[in-house]
Student: 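Below you'll find the structure I mean.
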Amino acid sequence: MTRPDGGGGGGLSFDYSDQRFETVTDKIEDLLADLMGIEAAADMFRTYLVNLKTYHEDEQVTPTVRPMNLPASKPFTVYPILPEPPFDTSGDQHSYQDWINQAYAAGAQSAAGTGAWLRSIMDNFYLVDAEALINGADQQAGLVIQHGTTLTANLGEVNAALADEWDWDGDSMDAFFTWVAVADAAPAVMLLFAYAAQSSVAKAGAAIGATQEAMMQQAENARDALEATIKAWHDDADAFPFPPGSDWKFKDIGTAIGGVIQSKVESLSDTLPDLGPLGNLGKDWALDKVTGKLISKIPAVKPATLTYKLLTTLEANEVEVEKQPTAQVIIDTVEQTFRDIAKEGDAAVTTAGEGIATLAASLHDADQLVMPRPDPTPTGHYERD
Amino acid sequence: MAESVKLQFEVLYRAGTKNFPDQAADLAAALEGISGVHQQWYEPTIRAGSPAALAQALEINRTVYGLLRRAVLSFQDAASAVVLITKDFQASDAEAREAMHALGIKASDIQTPPMAQPPTFDEATS
């Protein structure tokens with residue numbers, strides 16, 4: 001399942017989509033392959049230069065500038081100073097162009113599968129539709145308010161009147177009075193549990209959305225860093241096979257993630273729906289502690305959509321670094337950054353679920369909420385006193 | 001005709017033909033909403049690795065659905081019972097019949113509206 005770009009229904013607007021994340025991580029793979037290919041070609045020539053023979057068949061070899069094409073994704077010409085190309089033992093002449101082509105291809109191959117691997121690190125967040133979670137939470141909060149209000153408006157008066165004003169002499173009379181008491185309270189309590197469930201989901205959805213924002217941002221930073229590094233190789237082509245100079249800068253990846261997601265969630269705790277009147281429920285839950293009147297204590301619905309928008313404004317902390325990273329340094333940093341984001345995102349989702357397990361257990365044991373089924377055809381007669 | 005008889009009849013009539021069926025219908029609408037939300041949450045929960053915040057919420061929704069469904073059936077049963085009692089009341093008590101006529105109610109009006117049995121959770125979410 002891939003969410004459409006730019007979010008979906010419900011008027012939500014956020015800076016993440018699965019499709020965009022897939023696109024940027026695939027782009028990272030392409031750029032990484034390009035950079036690894038370039039680096040492999042440069043490394044091959046540097047190694048060769050160390051072992052450069054200045055004599056060939058007893059004649060002195062004079063190194064000269066030998067322009068050649070570096071077959072990167074955007075091919076460019078490099079100008080290494082090299083002697084005559086050597087000959088291998090089989091007698092087949094290999095040109096420097098052959099060498100650079102082969103070295104680039106071998107280096108580029110090392111990046112295969114990087115995009116899928118990066119996405120797998122974010123497995124609990126990639127392809128998770130946070131919008132669906134939050135919109136569903138909003139809907140459930142709304143229906144609890146709507147039906148809870150109707151419930152208290154309709155039932156209390158009728159039940160009170162029935163209890164006072166009828167004279168059925170059948171055996172089911174007592175059972176019916178018991179039913180009236182339960183019917184007056186139990187459905188409202190059921191809806192309170194539904195409210196608590198939506199609260200937990202809204203918080204978790206917000207945490208997932210914030211995490212997705214962070215991983216999207218870091219992936220884009222990584223892409224930018226790779227593009228900048230490759231551009232530096234292009235710009236300093238005349239220095240090939242030596243790395244480009246250090247007079248360029250790139251956006252840092254791996255900006256400290258610690259605490260960012262959780263602190264966002266915590267700073268917005270006032271705007272997130274809490275678990276409602278059942279939030280502090282302990283194991284001593286009993287129906288007599290939660291009457292139908294509790295429904296009136298359900299907090300006003302706080303739109304999770306607003307929360308989501310706020311949570312998705314994680315700011316990039318851009319740091320300029322004046323040292324050129326290698327492809328391996330970049331991808332190692334991306335990996336560590338993604339792992340840090342995933343770890344913090346998991347923690348935020350865990351925090352979102354605090355208390356919900358206790359509530360679920362309480363509900364599971366709440367036999368008082370299992371409404372009895374009155375006999376639809378009771379025996380007896382109506383006998384006024 | 002004593003006002004108390006009229007009040008008794010009216011309360012019974014309204015409970016059986018309107019209030020209880022309305023309550024059942026309202027809770028059935030809540031049921032439908034909860035099953036829809038449940039389906040909306042299900043796939044993201046699985047993809048997110050079923051963390052407690054989501055998995056337990058799904059579990060609560062499933063349980064609440066079962067309880068509310070039983071509540072719907074309970075209100076429907078109660079409506080049928082009260083309609084039967086109301087019919088017995090007007091059939092056996094002259095003052096009740098007088099009250100019925102005074103309220104503009106015909107004997108044939110004393111019946112529950114159509115009340116559909118809500119789907120089970122699995123039926124609603126399949």
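Chain identifiers are assigned alphabetically (A, B, ...) following the order of the sequence lines, protein sequences preceding nucleic acid strands; residue numbering begins at 1 within each chain. Note that the structure is a prediction, hence the values are computed from the model and not measured.
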Student: So which of B:Ala81, B:Ser74, B:Ser80 has the biggest tally of heavy-atom pairs under 4.5 Å with chain A?
Tutor: B:Ser74
Student: Under a 3.5 Å distance rule, please check whether A:His381 uses its side chain to pair with a backbone N or O of B:Asp88 as donor and acceptor.
Tutor: no
Student: Any chance you could measure B:Leu68, atom CG, to A:Met371, atom CE, to the nearest 0.5 Å?
Tutor: 10.0 Å
Student: Could you have a look at B:Ala71, B:Ser50, B:Gly36, B:Ala78 and say which one has the most heavy-atom pairs with chain A under 4.5 angstrom?
Tutor: B:Ala78
Student: Taking side chain as everything from C-beta outward and backbone as N, CA, C, O, which of these in B:Leu67 sits under 4.5 Å from a heavy atom of chain A? Side chain, backbone, both or neither.
Tutor: both
Student: Are B:Glu43 and A:Asp129 close enough, and set up right, to give a side chain to side chain contact (heavy atoms under 4.5 Å, CB included), and what steps lead you there?
Tutor: CA-CA 8 Å; B:Glu43 185 173 318; A:Asp129 193 344; over 6 Å; no
Student: Report which part of A:Asp346 has an atom under 4.5 Å of a heavy atom belonging to chain B: side chain, backbone, both, or neither.
Tutor: neither
Student: In Å, rounded to the nearest 0.5 Å, how long is the span from CD of B:Glu59 to CG of A:Leu359?
Tutor: 13.0 Å
Student: Under 4.5 Å heavy-atom distance to chain A, tell me which part of B:Ala55 shows up: side chain, backbone, both or neither.
Tutor: neither
Student: From B:Leu73 CG over to A:Arg373 CZ, what is the distance, rounded to the nearest 0.5 angstrom?
Tutor: 4.5 Å
Student: Would you give the length of the straight line joining atom CG of B:Leu27 to atom CG of A:Leu191, rounded to the nearest 0.5 angstrom?
Tutor: 7.0 Å
Student: At what distance, to the nearest 0.5 angstrom, does OG1 of B:Thr63 lie from CG of A:Leu369?
Tutor: 10.5 Å
Student: At their closest point, which heavy atom of A:Gly136 faces which heavy atom of B:Gln40, and how far apart are they?
Tutor: N-NE2, 3.6 Å
Student: How long is the gap from NE2 on A:His364 to CD on B:Gln56, to the nearest 0.5 Å?
Tutor: 10.5 Å
Student: So which residue, B:Val83, B:Thr45, B:Leu54, ends up with the most heavy-atom pairs under 4.5 Å with chain A?
Tutor: B:Leu54
Student: A:Thr350 versus chain B, heavy atoms under 4.5 Å apart: side chain, backbone, both or neither?
Tutor: neither
Student: Which heavy atom in A:Ala132 sits nearest to a heavy atom in B:Trp41, and how many Å separate them?
Tutor: O-CD1, 4.0 Å
Student: Check B:Ala53 against A:Ser200 and note the closest heavy-atom contact, atom names and distance.
Tutor: O-OG, 2.7 Å
Student: Side-chain atoms of residues 101-117 of chain B: list all donor-acceptor pairs with protein atoms under 3.5 Å, sequence neighbours left out, distances to 0.1 Å.
Tutor:
unit_1: B:Asp109; atom_1: OD2; unit_2: B:Lys106; atom_2: N; d: 2.9
unit_1: B:Gln111; atom_1: NE2; unit_2: B:Ser108; atom_2: O; d: 3.2

Student: A:Gln146, A:Gln139, A:Gln140: which one forms the most heavy-atom pairs within less than 4.5 Å of chain B?
Tutor: A:Gln140
Student: Can you give me the closest heavy-atom contact between A:Ala197 and B:Ile60, atom names plus distance?
Tutor: CB-CG2, 3.9 Å
Student: Any salt bridge (Lys or Arg N to Asp or Glu O under 4.0 Å) pairs touching residues 113-126 of chain B, not counting sequence neighbours?
Tutor: B:Arg62-B:Asp122
Student: Here's a test for you: under side chain to side chain contact (heavy atoms under 4.5 Å, CB included), which of A:Leu133, A:Ile208, A:Ile134 qualifies with B:Pro44?
Tutor: A:Leu133
Student: Which residue out of B:Ala48, B:Gly49, B:Ala57, B:Ala79 racks up the most heavy-atom pairs below 4.5 Å with chain A?
Tutor: B:Ala48
Student: Can you give me the closest heavy-atom contact between A:Ile356 and B:Ala52, atom names plus distance?
Tutor: CG2-O, 3.6 Å
Student: For the candidates B:Leu58, B:Thr86, B:Leu84, which exhibits the highest count of non-hydrogen atom pairs separated by less than 4.5 Å from chain A?
Tutor: B:Leu84
Student: Are more than 12 heavy atoms, taken from residues, nucleotides or ligands other than B:Gln39, located less than 6.0 Å from that residue's CD atom?
Tutor: yes
